[in-house]
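Below is one structure, written out as structure tokens; the observations come after it.
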Amino acid sequence: MIPTDINSTNGRPTQSSGSSYILAKLKNINIPVIEFDDTSVEEAIDFLRLRAKELDVLELDPAKKGINFVIRKPRTGGEAAPAEGAAAGLGAAGDPGALRIKELRLRNVPLAEALRYICDATKLRYKVDVFAVTLVPATETGEDLVSRTFSVPPDFISKIGGGDAAGGGGDAAADPFSPSTEGSAVKSLTAKPKVDAVLKEKGIVFPDGASATLTGSSLVVRNTPSAIDLIEQLVDEANKDQPKQVKISTKFVEISQENTDELGFDWIVAPFGLSANSVFASGGTSGSGQTRTNADFLSPIDGTPIPGVPAATATAASNIVTGGLRSGSGAISRNNIDAVLNNPNRTAQTNSAAPGILALTGLFSDGQVQMIMRGLAQKKGTDLMTAPSVTARSGEKALIEIIREFIYPTEYEPPELPNTVGGGVSGTSGGLGSSGGIFPVTPATPTSFETRNTGVTLEIEPTIGGNNFVIDLRFAPNITEFEGFVNYGSPIQSPATDFLGNPTTVTITENRIEMPVFSTRRVDTALTIYDGYTVAVGGLMREDVQTVDDKVPVLGDIPVIGRLFQSKAENRIKSNLIIFVTANIIDATGRPVNNQTAAAAPGPQASGGTVLPDLPGGPQ
């Protein structure tokens with residue numbers, strides 16, 4: 001028997017046993033001299049049978065030397081008419097062995113070529129079976145199909161290199177990381193390819209009626225004997241390796257930090273002058289700037305009210321010199337989506353000034369002056385780490401989910417209002433008298449719902465390389481978080497009158513139509529790493545900077561003193577998401593297949609200080 005070999009270039013099996021072994025003999029046995037003059041096919045085959053036994057150098061056992069030859073008569077019933085040129089011989093005797101070879105002279109040709117010349121001269125063809133070479137009429141097409149069952153490892157498809165076989169995924173998308181069309185943020189990897197598609201890629205021919213089915217660890221094949229021999233070599237090669245799997249450890253690290261610094265001043269200058277009846281100067285008005293109320297200033301000293309600071313709650317102050325300077329939430333604003341989240345009525349956001357940290361009050365003749373120094377220095381950060389891990393067989397998909405199912409409405413029925421409004425019934429609502437009719441109103445009602453997974457989802461498919469040191473990873477980690485609701489509805493109101501008869505409106509229903517807002521962080525990638533190594537994926541960094549530099553004209557330009565009439569604020573928001581992935585090849589007991597680890601083995605340094613081990617084949 002010639003040794004089994006797998007072509008290192010394309011991974012296709014060579015001829016080694018059974019019909020493959022016979023094919024190898026046909027190519028390697030050389031016939032020194034062939035001279036046929038008006039010789040029958042049976043005589044020619046007897047000559048080749050003897051010479052093949054004498055010249056067979058591939059077989060050491062004398063009893064197994066040579067090749068068996070069979071000349072088969074045409075099948076009865078349903079055959080096509082014999083080809084032209086062979087009709088005379090087959091029509092009379094019906095025996096291919098009786099066909100004559102008029103003249104054939106060859107020197108130093110392989111046995112396969114000699115058979116080809118004989119078949120061309122007699123309108124025959126030969127096919128290789130498991131134990132013999134059979135000559136049949138050329139009008140008979142196809143080979144006999146036989147069935148055979150093989151025992152294969154669970155990762156048979158991945159071991160023979162079928163991870164990317166086309167057309168084997170059934171309903172799987174062509175792109176394994178294509179976005180979902182159903183609104184879900186979760187990705188799906190491709191399904192395992194069909195075994196017949198993988199075998200076709202390896203060069204196995206499937207004629208009409210041939211098939212291959214993989215169920216668990218059983219591979220059932222119906223094909224020609226030569227094709228089954230090639231499949232047997234693939235199975236033998238796959239069964240040589242011990243079962244291996246990959247342990248995937250991941251860490252999702254999200255770091256965010258927000259720094260806010262602000263320093264500003266507010267001045268209230270009451271009217272003052274040289275005498276009580278001659279006003280010389282005073283502060284201004286707030287205009288279109290940020291409104292200041294009495295709560296933004298200190299209470300009057302010794303019970304003496306400060307002109308411009310009202311006593312009523314939530315009433316705007318006047319006589320403000322710095323009314324145009326921004327402060328607090330009026331200076332630093334969030335992005336648009338944050339401005340509408342959790343604000344279902346879509347009302348205007350209330351801006352508040354920064355807290356006062358120092359006050360100064362002075363007197364001018366019959367007026368007063370008050371200064372409030374406002375300052376703010378805040379730092380806050382968030383560190384979020386999720387560390388899921390999963391073990392998967394080579395070439396098979398694994399899924400891990402740390403989620404919450406969030407159900408929310410996607411469709412609403414419109415609100416229902418009556419066509420007519422009937423007679424009035426007086427009533428009160430919040431201190432208001434109503435002369436309008438009381439009638440039922442049905443607000444918008446949800447009718448269709450959808451489920452969204454929030455949390456961490458990791459889909460990953462590892463494939464171990466041929467040297468048991470390299471791992472190909474295809475993975476799609478996904479982090480989805482619920483941020484809040486946005487109300488797209490509008491209140492339904494009805495006209496009414498108050499107790500004094502003044503027209504007003506009454507809100508009948510808020511008519512809330514709320515839709516959720518989600519934030520998603522996702523990485524879709526395929527990469528190759530060594531056993532025991534860690535790779536960082538992502539590093540998505542973002543920094544938002546807001547700067548406010550306000551001042552009072554003229555007064556703010558005065559050296560040194562002008563700083564008291566300026567307001568400065570700065571806000572910095574940094575965020576970063578990094579995903580660390582570590583892959584280890586382990587056996588069925590959970591022990592590492594390779595004894596050396598990345599942390600202990602010497603070798604060149606990778607980026608970030610990771611130590612690379614020495615791998616077979618020289619330094620990497």
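Excluded from the calculations below are hydrogen atoms, water molecules and symmetry mates; all remaining heavy atoms, backbone and side chain alike, are included.
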Take a 6.0 Å sphere around CD of Glu54 and say whether it holds more than 12 heavy atoms from other residues, nucleotides or ligands.
yes
Next on the checklist: Show, in sequence, the C-alpha distance, side-chain angles and deciding distance for Thr122 and Ile101, and conclude whether the side chain to side chain contact (heavy atoms under 4.5 Å, CB included) test is met.
Outcome noted: CA-CA 7 Å; Thr122 57; Ile101 304 172; 3.8 Å; yes
Under 6.0 Å between ring centres: does that hold for Phe482 and Phe406? yes
### Message
Between Ile471 and Tyr530, is there a side-chain heavy-atom distance shorter than 4.5 Å?
### Response
no
### Message
Check this for me, if you would: do Asp38 and Arg100 make a salt bridge, where the nitrogen-to-carboxylate-oxygen distance has to be below 4.0 angstrom?
### Response
yes
Check your understanding: For the ring pair Phe69 and Tyr126, is the centre-to-centre distance below 6.0 Å?
Key -> no
Shortest non-hydrogen pair, Ala583 vs Ile248, comes out as CB-CD1, 3.8 Å
All heavy atoms of Leu106 vs all of Ala114, minimum pair found to be CD1-CA, 4.3 Å
Correct closest heavy-atom pair for Phe449 and Thr410 would be N-OG1, 4.1 Å
Review point. Is there a donor-acceptor pair under 3.5 Å between the side chain of Lys25 and the backbone N or O of Gly66?
Key: yes
> Would you say the side-chain atoms of Ser394 pair up with the backbone N or O of Gln245, donor to acceptor, closer than 3.5 Å?
Replying inline: no
inquiry  = Taking the ring centre of each residue, are Phe518 and Tyr408 less than 6.0 Å apart?
reply    = yes
- Show your working on side chain to side chain contact (heavy atoms under 4.5 Å, CB included) between Leu124 and Leu99 and close with a plain yes or no. CA-CA 10 Å; Leu124 299 176; Leu99 296 176; 3.9 Å; yes
* To do: Find out whether Phe580 and Phe252 are in side-chain contact, i.e. whether some heavy atom of one side chain is under 4.5 Å from a heavy atom of the other.
  => no
Scanning both residues in full, the closest heavy-atom pair of Val390 with Ala398 reads CG2-CB, 3.9 Å
Under 4.0 Å between a side-chain nitrogen and a carboxylate oxygen: does that hold for Lys397 and Glu461?
no
Notebook entry, point to check: Can you list the steps and then say if Asn108 with Asn30 is a side chain to side chain contact (heavy atoms under 4.5 Å, CB included)?
Noted result: CA-CA 6 Å; Asn108 294 322; Asn30 289 324; 5.8 Å; no
- Taking the side chain from Asn68 and the backbone from Phe131, do they hold a donor-acceptor pair closer than 3.5 Å? yes
Q. Are side-chain N/O atoms of Asn584 and Thr582 paired as donor and acceptor at under 3.5 Å?
A. no
query = Quick one: are Leu399 and Thr457 in side-chain contact, heavy atoms under 4.5 Å?
reply = yes
Quick check against the 3.5 Å criterion: does Thr215 have a side-chain atom that pairs as donor or acceptor with the backbone of Ser218?
no
d(Leu230 CG, Lys202 NZ) to nearest 0.5 Å is 12.0 Å
query: Can Asp531 and Asn594 be counted as having a side-chain donor-acceptor contact under 3.5 angstrom?
result: yes
Distance col, row Phe156:CZ vs Glu237:CD, nearest 0.5 angstrom, shows 11.0 Å
Any donor-acceptor pair under 3.5 Å from Asn223 side chain to Ala210 backbone
no
Q) Heavy-atom count around Lys53 NZ within 6.0 Å, excluding the residue itself: above 12? A) no
Got a salt bridge between Arg116 and Asp120, using NZ or NE/NH1/NH2 to carboxylate O under 4.0 Å? yes
| Quick one: do Glu232 and Arg148 make a salt bridge, cutoff under 4.0 Å? | yes
Side chain Asn28, main chain Ala24, donor-acceptor under 3.5 Å: yes
Rounded to the nearest 0.5 angstrom, the OG1-CD1 distance for Thr520 and Ile479 is 10.0 Å
Check the pair Leu135 / Val70 against side chain to side chain contact (heavy atoms under 4.5 Å, CB included), numbers first and verdict last. CA-CA 6 Å; Leu135 275 71; Val70 177; over 6 Å; no
I'd like to know whether CZ of Arg107 has more than 12 heavy-atom contacts from other residues, nucleotides or ligands below 6.0 angstrom.
yes
Salt bridge check, Asp37 against Arg105: does any charged N sit closer than 4.0 Å to a carboxylate O?
yes
Taking every heavy atom of Glu405 against every heavy atom of Asn453, the minimum-distance pair comes out as CG-OD1, 3.7 Å
In this structure, CD1 of Ile460 is separated from CD of Glu396 (nearest 0.5 Å) by 14.0 Å
Looking only at heavy atoms, the pair that brings Ile22 and Ala132 closest together is CD1-N, 3.5 Å
For Thr528 and Asp472, which I'm curious about, is there any donor-acceptor pair between the side chains at under 3.5 Å? yes
Subject >> Donor on one side chain, acceptor on other, Ser389 and Ser249, under 3.5 Å >> reply: no
Result for side chain to side chain contact (heavy atoms under 4.5 Å, CB included) between Thr149 and one of Val220, Thr213, Val221 points to Val220
Discussion item. Is it true that, when you exclude Glu42 itself, more than 12 heavy atoms of the residues, nucleotides or ligands shown sit nearer than 6.0 Å to its CD?
Written reply: no
Would you say that more than 12 heavy atoms from the other residues, nucleotides or ligands in this model lie under 6.0 Å from the OH of Tyr117, or not? no
ask   = Side chains of Glu483 and Ser519: is there a donor and an acceptor less than 3.5 Å apart?
value = yes
OG1 of Thr224 to CD1 of Ile204, rounded to nearest 0.5 Å, is 9.0 Å
dist Ile29:CD1 -> Glu59:CD (nearest 0.5 Å) comes out at 10.5 Å
